[in-house]
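So the structure is just underneath, and the comments pick up after that.
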Number of protein chains: 2
Amino acid sequence: MSNTTRSKPNKPDARAKLLDAAFSLIRAKGYCATSVDDLCREAGVTKGAFFHHFKSKEELGVAAANHWSEMTGIFFATAPYHDHQDPLERVLGYLDFRRAILQGEVREFTCLVGTMVQETYDTAPAIRAACEASISGHAAKIEADIAEALARAGMKPDWSAKSLALHSQAVLQGAFILAKANGGAEIAGESIDHLKRYICLLFNRS
Amino acid sequence: MSNTTRSKPNKPDARAKLLDAAFSLIRAKGYCATSVDDLCREAGVTKGAFFHHFKSKEELGVAAANHWSEMTGIFFATAPYHDHQDPLERVLGYLDFRRAILQGEVREFTCLVGTMVQETYDTAPAIRAACEASISGHAAKIEADIAEALARAGMKPDWSAKSLALHSQAVLQGAFILAKANGGAEIAGESIDHLKRYICLLFNRS
DNA sequence: AATTAAGTACCGACCAGTTGGTATGTTGTC
DNA sequence: GACAACATACCAACTGGTCGGTACTTAATT
């Protein structure tokens, strides 16, 4: 005990606070509209601290995307839908879960990397790559369950598990855009319902 | 005849050129990263011209979204899929058409208002509203065909024509995000395939 | 045990360039 | 000669980024 402040591995308080500020500001205003000063103000640190931890704003963007991958990875890995032993139920449970977390303000349930990649795909290759890795990394986990469900059902359709997993991410990302345009989560929820219905139809369930 | 340049209603050359510049720049870099100077440079006009036609950058954003609604309205209204007398075939033809126009660079086939609303939904209410009108206006046209297909098939499902029309827009918008992240149109095309397959399953077709 | 050296984390003044926006023209057309 | 459609010069505020300095911890040297 004794050391409330960890000796070696971390304690870079400012860095964590900046990443946190990046999550909320970029999700609300976008990457470009979020200035370095905004981030420092929100995080309660100075510009010196910012450029000590990130050598440019772009590097913070990359770090934010990577941190997002980590956080969401943990978040979904510990979600209850993994309990089902039937892989199809896990996929459906995943969608129920995603629908259930459409709570609160729009900026609180939308996707950081989906927002960021829209602005940066043509101008900041490093950010684009980090966002791509985040999305496809998440999709790969769903793909595994879909592939298992396919094998268990003895199905060999003309679509791949990967394309369906990516399609599910497209639906979610698109649902977020409609929610932003509309100002509410309702539309997003109904879109997830359609996706769930589609998967049920594909697997002849219920 | 005689007046190639319309007498009253338009001919504001600079305005049209600025709107044109807005289309290509905002689709490539986003709304915030596109500066007024950028727009003037691309359009080949001066700042004076810009602020003569638009009293602020936000007003240009609104005008661009409205112009986008007009242009895409005409573009889709004159597309060949309207020839089908069967409403379901029109819906499916619409999706084939949307898949077919995924050509060239990503910035050339993605959606202006979908891109813009992500950045502005929380900071520029007027732009958000214009983007919302654009998306839901377009969706309403598809909704009409879906409703007609539903009536013709004598179906009364537990989902509405409106929600399916909006879902199709969510899929398209999400497909654009994946295309931006991935750098290619392939993923987007496959997502549209999934949507088409879904609608076929819903209507028990082929 | 005291001193030194080095490294990390952070501060805040400062910088040149850019931002959206304005004020004051000029020019061509009805 | 009034008015729309531009052009040019200019502005304060802000942009991302730099830089010299400080406080603190750790390891090596004395």
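Only heavy atoms go into these numbers, but all of them, side chains included; no hydrogens, no water, no symmetry mates. Below, chains carry the letters A, B, ... as their sequence lines are ordered, and counting in each starts from 1.
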Pairs under 3.5 angstrom, nitrogen or oxygen only, protein versus nucleotides 15-18 of chain D, please.
from    : atom 1 : to       : atom 2 : distance (Å)
dG16(D) : OP1    : Lys57(A) : NZ     : 3.2
dG16(D) : OP2    : Val36(A) : N      : 2.8
dG16(D) : N7     : Lys47(A) : NZ     : 3.0
dG16(D) : O6     : Lys47(A) : NZ     : 3.2
dG17(D) : OP2    : Lys57(A) : N      : 2.8
dG17(D) : N7     : Lys47(A) : NZ     : 3.4
dG17(D) : O6     : Lys47(A) : NZ     : 2.8

Between Tyr121(B) and Arg107(A), is there a side-chain donor-acceptor contact under 3.5 Å, judged purely by atom types and distance? no
Over how many whole Å does the gap from [X] atom [atom1] to [N] atom [atom2] extend?
X	N	atom1	atom2	result
Asp13(B)	dG28(C)	CG	P	16 Å
Lys17(B)	dA5(D)	NZ	C1'	12 Å
His53(B)	dG21(C)	NE2	P	16 Å

Among residues at least two apart in sequence or on other chains, which ones pass side-chain hydrogen bond (donor to acceptor under 3.5 Å, both in side chains) with Ser134(B)? Ser69(B)
Under the side-chain hydrogen bond (donor to acceptor under 3.5 Å, both in side chains) test, residues paired with Glu89(A) that sit two or more places apart: Arg205(A)
Less than 3.5 Å apart, which donor and acceptor atoms pair up between the side chains of residues 54-64 of chain A and the rest of the protein, not counting sequence neighbours?
from     : atom 1 : to       : atom 2 : distance (Å)
Ser56(A) : OG     : Glu58(A) : N      : 3.4
Ser56(A) : OG     : Glu59(A) : N      : 3.1
Lys57(A) : NZ     : Tyr31(A) : O      : 3.0
Lys57(A) : NZ     : Cys32(A) : O      : 3.4
Lys57(A) : NZ     : Thr34(A) : O      : 2.9
Glu59(A) : OE2    : Lys55(A) : N      : 3.2

Phosphate OP1/OP2 of dA9(C) contacted by His52(A) side-chain N/O (<4.0 Å): yes
Enclosure of Met155(B) CE (heavy-atom neighbours >12, cutoff 6.0 Å): yes
Describe, as an angle rounded to 10 degrees, how the axis at the first end of the helix from dA1(C)-dT30(D) to dC30(C)-dG1(D) is tilted relative to the axis at the last end, five pairs per end. 10°
With a 3.5 Å distance limit and no angle check, can you tell me whether Ser163(B) reaches the backbone of Trp159(B) through a side-chain donor-acceptor pair? no
Expected list for residues 164-180 of chain A: side-chain donor-acceptor pairs under 3.5 angstrom, two or more places apart:
from      : atom 1 : to        : atom 2 : distance (Å)
His167(A) : ND1    : Ser191(B) : O      : 3.4
His167(A) : ND1    : Ser191(B) : OG     : 2.7
Ser168(A) : OG     : Ala165(A) : O      : 2.5
Gln169(A) : NE2    : Tyr94(A)  : OH     : 3.1
Lys180(A) : NZ     : Thr115(A) : OG1    : 2.9
Lys180(A) : NZ     : Gln118(B) : OE1    : 2.4

Electrostatic pair Glu148(B):Arg90(B) at N-O distance under 4.0 angstrom: yes
